[in-house]
There are 2 protein chains.
Amino acid sequence: MEASTAELSERLQRAGIKPTAQRLAIYRYVAEEGEHPTAEQVKAWMDRNFPKVSLATVYNTLNLLVQAGELRAFRFPHTDKVVYDRNTAHHYHFLDEETGTLIDVPAEQVHIRTDLEPELKVDGIHVVLRGRRRH
Amino acid sequence: MEASTAELSERLQRAGIKPTAQRLAIYRYVAEEGEHPTAEQVKAWMDRNFPKVSLATVYNTLNLLVQAGELRAFRFPHTDKVVYDRNTAHHYHFLDEETGTLIDVPAEQVHIRTDLEPELKVDGIHVVLRGRRRH
DNA sequence: TTTAATGCAAAGCGTTTGCACTGCT
DNA sequence: AGCAGTGCAAACGCTTTGCATTAAA
């Protein structure tokens with residue numbers, strides 16, 4: 001499911017983002033290749049595949065994509081770095097504490113029932129499952 | 001349930017922490033008065049109640065207390081600042097998005113059932129409920 | 001030609017660290 | 001005297017910002 005440059009470009013335009021070459025490269029990576037990358041990892045990929053892009057542009061573009069809803073940004077307990085997630089669907093995460101790897105968990109695989117005081121109205125739930133993946 | 005200085009002092013000693021005046025003051029605040037305070041808030045309280053304590057000592061002491069298991073440190077999605085929690089029992093949090101207030105939620109009030117691929121072995125779960133408290 | 005995007009370096013924010021000094025024991 | 005604890009300022013890691021330069025419509 002490799003999207004063409006034209007497709008990616010169109011998706012950016014639809015999101016209200018002018019599809020410059022730098023943005024397309026970043027978008028291609030985070031939307032197709034990167035697995036929960038940090039800004040640092042995006043920058044490293046760009047250095048290899050689209051040299052001369054500044055870290056500021058990486059951050060600016062990632063923030064744009066997040067604001068446009070094309071990407072989600074998460075902060076996890078185990079690191080200070082923001083992690084970008086192409087999965088914009090409702091889902092949770094499993095953190096493999098051995099490797100630091102994040103694994104998407106579909107919302108249907110986690111069932112939560114709360115029994116709170118009635119004045120607490122829940123609008124959303126954040127779940128991080130911590131553990132190990134057997135190998 | 002105001003603990004005496006002697007009691008607090010003893011608790012610190014039992015935790016392997018030498019009870020200096022600064023540490024006692026910080027411990028008194030976070031263990032009895034502060035509601036999920038940040039280091040900044042601890043420092044502000046100290047400035048009012050125990051002047052001349054450095055920010056470094058605040059951080060060092062909070063870290064000591066966390067290592068000793070007397071306190072827990074959390075990072076939440078809505079802020080970069082670490083939040084200290086005197087509740088060392090297994091519990092979750094409700095974040096009032098209107099006020100930024102954190103409310104402890106006893107573990108018994110949240111029931112979670114997961115249905116993951118068998119190779120994912122869960123050791124712990126992080127839950128943050130986001131919403132509003134009706135008033 | 002007007003406007004937006006980029007690159008660079010500096011600043012910002014929360015937290016940590018190095019090191020000299022203080023004060024118990 | 002010895003040594004843990006403290007205070008100060010500098011350093012740190014990640015992210016954002018200001019501003020001059022470049023590219024695009």
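Just so it is clear: chains get the letters A, B, ... in the order the sequence lines come, proteins before strands, and each one is counted from 1. Below, each value reflects all heavy atoms present in this structure, side chains not excepted, and no hydrogens, waters or symmetry copies.
As rounded to whole Å, 15 Å separates atom C1' of dT21(D) from atom NZ of K52(A). Rounded to a whole Å, the CZ atom of F50(A) is 12 Å from the C1' atom of dA5(C). Between the CZ atom of R75(A) and the C1' atom of dG14(C) there is a distance of 11 Å, given to the nearest Å. With rounding to whole Å, F74(B) atom CZ is found 20 Å from dG14(C) atom P. For the pair K43(A) NZ and dT6(C) C1', the interatomic distance rounds to 13 Å; values are reported in whole Å. Summarising the geometry, the separation between CD on E40(B) and P on dG12(C) is reported as 16 Å, rounded to the nearest angstrom. As rounded to whole Å, 15 Å separates atom C1' of dT6(D) from atom CG of L62(B). The distance between atom CG of L65(A) and atom C1' of dT15(D), rounded to the nearest whole Å, is 16 Å.
The aromatic rings of H90(B) and Y92(B) sit perpendicular, their planes meeting at an angle over 60°, well past the 30° parallel limit.
Side-chain contact, N87(A) with H36(A): no donor N or O sits under 3.5 Å from an acceptor N or O.
OP1 and OP2 of dT6(D) both lie 4.0 Å or more from every side-chain N or O belonging to S54(B). The side chain of T20(B) contributes no N or O atom lying less than 4.0 Å from OP1 or OP2 of dC24(C). Checking the phosphate oxygens (OP1, OP2) of dT6(D), a side-chain nitrogen or oxygen of R23(B) falls inside 4.0 Å.
Here E35(A) pairs with R86(A) in a salt bridge; the nearest charged N to carboxylate O distance falls below 4.0 Å.
When side chains are defined from C-beta on, Y27(B) does not count as touching E32(B), because their heavy atoms never get closer than 4.5 Å. A 4.5 Å side-chain heavy-atom check between R75(B) and V83(B) finds every atom pair outside the cut-off.
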Table please: side-chain donor-acceptor pairs of residues 117-129 of chain B below 3.5 Å, with sequence neighbours left out.
| from | atom 1 | to | atom 2 | distance (Å) |
| --- | --- | --- | --- | --- |
| K121(B) | NZ | D123(B) | OD1 | 3.0 |

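Minimum atom distance to the side chain of K18(A) is reached by dA4(C), of the listed dG7(D), dA4(C), dT6(C). For K81(A), taking side-chain heavy atoms from C-beta onward, the closest of the listed nucleotides dT6(D), dA4(D), dT15(D) is dT15(D).
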Please produce a list of atom pairs where a protein N or O lies less than 3.5 Å from an N or O of nucleotides 16-23 of chain C.
| from | atom 1 | to | atom 2 | distance (Å) |
| --- | --- | --- | --- | --- |
| dT16(C) | OP2 | N63(B) | ND2 | 3.2 |

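Heavy-atom distances to DNA chain C give each of D80(B) and Q22(A) a nearest nucleotide, and the one nearer the 5′ end belongs to Q22(A).
For the pair R133(B) (side chain) and F94(B) (backbone), a donor-acceptor distance under 3.5 Å is absent.
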